[in-house]
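Here the structure comes first, spelled out in structure tokens, and everything after it is commentary.
Here, residue 1 is the first one in the sequence, and each next residue gets the next number.
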Amino acid sequence: MKAASVSDDLIFREVDEDVRRDQIEQYWKRYGTYFIAGAVLIVAITAAGVLWRNYQTEQREADGARFEHASQMAATDPAGAAEVFASLAADGNGGYPALAAMREAEARVAAKDQSGALDVYQRLAADSGIEQGLRDIAALKGGLLAEDMGQHDVAENLLTPLANGNGALKFAAREAIAGVQLGAGKRDAAIATLKSLSADALAPAGAKARAGEILRVLGAEQE
């Protein structure tokens, strides 16, 4: 009896294993394709992530090389450098587009293309997608360039938001606005701007001293 019991147990185990094997085979036939597809998808996603990171690294390296090439060109061929910087500003990655646009404007000034440079500065100053500090620099440089070109209204429009803000260049912008107002023949407005700057306790000592000196030159200390 005991031997028969053992034999029965073996038979039942073999049958049970056969049943499980059949179930697994049926399960695999029905769902195996999905498992394979899922595994392929995971591998594809992982590979895509690696490829994308490699691509980004390669693009940054390529952008850096283009930026360096244009920087070297700027000394001897500013017009050509401006075009390279413009191309990088249009399709570069990361922080390169904004920096390249700034250098494009500088190269255009060197190439005597003031109008082209002013357009770039205006675009940068209005671009909410870039760092505020870079926008402020573009506004200040653009304002000074516009004043050199005799475009007083454009200069004041670029400088006023900067002067009224809380950025590091606000006092430089107020000095520049006073110069724009003088250039436009707005003596009284310039004197008011200079007096406000001279009396501002937060203004840098150098800016206050320059404002006071210009007021003395204008004979307006007591006005």
Is there a side-chain contact between [X] and [Y], using heavy atoms and a 4.5 Å cut-off?
X	Y	result
Q114	D119	no
M149	S115	yes
I130	D127	yes
L197	E175	yes
E83	M73	no
V84	E104	no

Point-to-point distance, once rounded to the nearest 0.5 Å, from [atom1] of [X] to [atom2] of [Y]:
X	Y	atom1	atom2	result
L124	L134	CG	CG	6.0 Å
S196	I191	OG	CD1	13.5 Å
L159	N164	CG	CG	10.5 Å

For this session: Please answer whether the main-chain N or O of Y96 pairs with a side-chain N or O of D63 as donor and acceptor at a distance below 3.5 Å.
Result: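 Such a contact is absent between D63 side chain and Y96 backbone.
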Problem set entry | Donor-acceptor pair, side chain of R187 and main chain of L218, under 3.5 angstrom | yes
For this session: Please step through salt bridge (Lys or Arg N to Asp or Glu O under 4.0 Å) for the pair K141 and D136, ending with a clear verdict.
Result: CA-CA 9 Å; K141 287 193 169 188; D136 290 349; over 6 Å; no
Heavy-atom pair with the smallest gap, counting every atom of [X] and [Y]:
X	Y	answer
R123	A101	NH2-CB, 4.5 Å
L158	P161	O-CD, 3.6 Å
A111	A79	CB-N, 3.8 Å
A89	A100	N-CB, 3.8 Å
D200	F171	OD2-CE2, 3.5 Å
L118	G142	CD1-O, 3.5 Å

Answer yes if the side chains of [X] and [Y] hold a donor-acceptor pair under 3.5 Å, and no otherwise.
X	Y	value
T193	R174	no
R210	S198	no
Q151	E147	no

For this session: Would you sort out whether K170 and L162 count as a side chain to side chain contact (heavy atoms under 4.5 Å, CB included), showing the intermediate values?
Result: CA-CA 5 Å; K170 65 178 294 184; L162 183 57; 5.7 Å; no
For this session: Test side chain to side chain contact (heavy atoms under 4.5 Å, CB included) on Y121 and L140 and set out the steps.
Result: CA-CA 9 Å; Y121 282 136; L140 182 60; over 6 Å; no
Exercise. Is the count of non-hydrogen atoms from other residues, nucleotides or ligands lying under 6.0 Å from K208 atom NZ greater than 12?
Worked result: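 Yes, enclosed.
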For this session: Please step through side chain to side chain donor-acceptor pair (under 3.5 Å) for the pair R135 and S128, ending with a clear verdict.
Result: CA-CA 8 Å; R135 294 176 64 188; S128 59; 5.4 Å; no
Problem set entry | Verdict with supporting geometry, H152 and K186, side chain to side chain contact (heavy atoms under 4.5 Å, CB included) | CA-CA 11 Å; H152 308 300; K186 300 177 182 179; over 6 Å; no
Exercise. Between E106 and R103, is there a side-chain N and carboxylate O pair less than 4.0 Å apart?
Worked result: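 A salt bridge links E106 with R103.
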Exercise. Do the rings of F67 and F85 sit parallel, tilted or perpendicular, given the 30° and 60° boundaries?
Worked result: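 Ring orientation of F67 relative to F85: perpendicular.
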